[in-house]
Amino acid sequence: MIPAMPAHALSSRPASAAVLRFGRLVVMGAVAVLILVAGVWASWGTAQHVMLTKGRERGTVDVTRCGADTCWGRFAPVSAGSQPRSKVVLERSVAVERGRTYTVVLKPGGAEAVRSGPAGVLYAWVPLGGALLLASVVVAGGLLRTRAAWVLGLSGVALLTAAFVTV
């Protein structure tokens, strides 16, 4: 014969398990949202200049020299009201090489440029692609939502692959 458990012992187990399950969902959901917000925040610093070009100086840069972190060259304006400049700085990445010409948008108030066009847009959103991949792991492992995790992960892979191909 199995001894009877007290009534308070039977009712406290499901309640504590539900509280722990709810706590895990809240914490992991907050972590996933924080990762995605951080990815958008990191991307928007560059993406705003590339995507919202109205009123910004647009043109091309002929890269003549490169340092450890930056490349620079002569700016030839394309948009109305833009002035040619002898030195414009472009962030050095795998996609920027000396001797090539790139379409760029100048950041306001300086001589710093970011790449424009489809390659510039996709390159600007690369941090979001990484955040999507990382958030997919959190959603799959912490929230146990595999379908949503696959959507996030494949979106991140698609964004990173598109950026790699176009840049």
Side-chain angles (χ1 to χ4, degrees), residues 27-143 145-167:
V27 170
M28 289 294 114
V31 168
V33 168
L34 180 66
I35 290 169
L36 292 173
V37 168
V40 170
W41 185 270
S43 297
W44 187 246
T46 303
Q48 66 178 326
H49 302 295
V50 178
M51 295 174 71
L52 306 174
T53 60
K54 187 174 182 179
R56 299 192 196 276
E57 293 185 70
R58 290 172 286 155
T60 60
V61 171
D62 295 319
V63 177
T64 55
R65 298 192 64 183
C66 287
D69 297 328
T70 58
C71 291
W72 55 91
R74 186 171 296 276
F75 175 73
V78 173
S79 61
S82 298
Q83 299 296 322
R85 299 183 188 200
S86 59
K87 184 178 179 183
V88 171
V89 177
L90 191 62
E91 179 186 336
R92 184 172 188 173
S93 68
V94 188
V96 177
E97 297 175 3
R98 196 173 117 208
R100 294 194 56 195
T101 302
Y102 300 99
T103 58
V104 297
V105 175
L106 295 182
K107 289 184 177 180
E112 190 175 345
V114 292
R115 287 188 61 179
S116 62
V121 170
L122 289 170
Y123 184 70
W125 289 105
V126 164
L128 177 62
L132 286 166
L133 284 174
L134 184 57
S136 72
V137 174
V138 173
V139 169
L143 296 176
R145 302 287 189 254
T146 54
R147 223 176 263 154
W150 275 106
V151 169
L152 288 172
L154 291 176
S155 299
V157 167
L159 178 58
L160 293 174
T161 303
F164 178 77
V165 168
T166 60
V167 172

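Because the structure is a prediction, the values reported are computed rather than measured. The basis for the numbers below is simple: all heavy atoms, side chains too, and nothing from hydrogens, waters or symmetry mates.
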Just by modelled atom types, is the Arg58 backbone N or O under 3.5 Å from a matching donor or acceptor in the Ser79 side chain? yes

What are the two closest heavy atoms between Phe75 and Ser82, and how far apart are they? CE2-CB, 4.5 Å

Counting distance only, does the side-chain N/O of Thr161 pair as donor-acceptor with the main-chain N or O of Val157 below 3.5 Å? yes

Give me the one residue out of Val121, Val105, Leu122 that meets side-chain contact (heavy atoms from CB on, under 4.5 Å) with Val50. Val121

For Ser116 and Thr103, test the side chains for any donor-to-acceptor distance below 3.5 angstrom and give the result as yes or no. yes

Between Val61 and Thr101, does the side chain to side chain contact (heavy atoms under 4.5 Å, CB included) criterion hold? Intermediate values first, please. CA-CA 5 Å; Val61 171; Thr101 302; over 6 Å; no

Less than 4.5 Å apart, any side-chain heavy atom of Val37 and any of Val33? yes

Work out which heavy atom in Gly39 is nearest to a heavy atom in Ala131; give both atom names and the distance. CA-CB, 3.7 Å

Between Lys107 and Val114, what is the shortest heavy-atom contact and its length? CE-CG1, 3.6 Å

Decide side chain to side chain contact (heavy atoms under 4.5 Å, CB included) for Arg145 and Trp150; before the verdict, give the C-alpha distance in whole Å, the side-chain angles of both, and the deciding distance to 0.1 Å. CA-CA 9 Å; Arg145 302 287 189 254; Trp150 275 106; over 6 Å; no

How many angstroms lie between atom CG of Leu36 and atom CG of Leu128, to the nearest 0.5 angstrom? 7.0 Å

Using side-chain contact (heavy atoms from CB on, under 4.5 Å) as the criterion, point out the one residue from Leu160, Val167, Leu159 that pairs with Val126. Leu160

Looking at Glu57 and Arg85, is any side-chain nitrogen of the basic one under 4.0 Å from a carboxylate oxygen of the acidic one? yes

Which atom pair, heavy atoms only, marks the closest approach of Val63 to Cys71? CG1-CB, 3.7 Å

Results of side chain to side chain contact (heavy atoms under 4.5 Å, CB included) for Ala113 - residues two or more places apart only: Val88, Leu90, Val104, Leu106

Just grab all the side-chain hydrogen bond (donor to acceptor under 3.5 Å, both in side chains) pairs involving residues 39-49, residues at least two apart or on different chains. His49-Arg56

What pair of heavy atoms forms the shortest contact from Val139 to Ala32, and how long is it? CG2-CB, 4.0 Å

Approximate separation, where rounding is to 0.5 Å, of Trp72 CH2 and Arg98 CZ: 10.5 Å

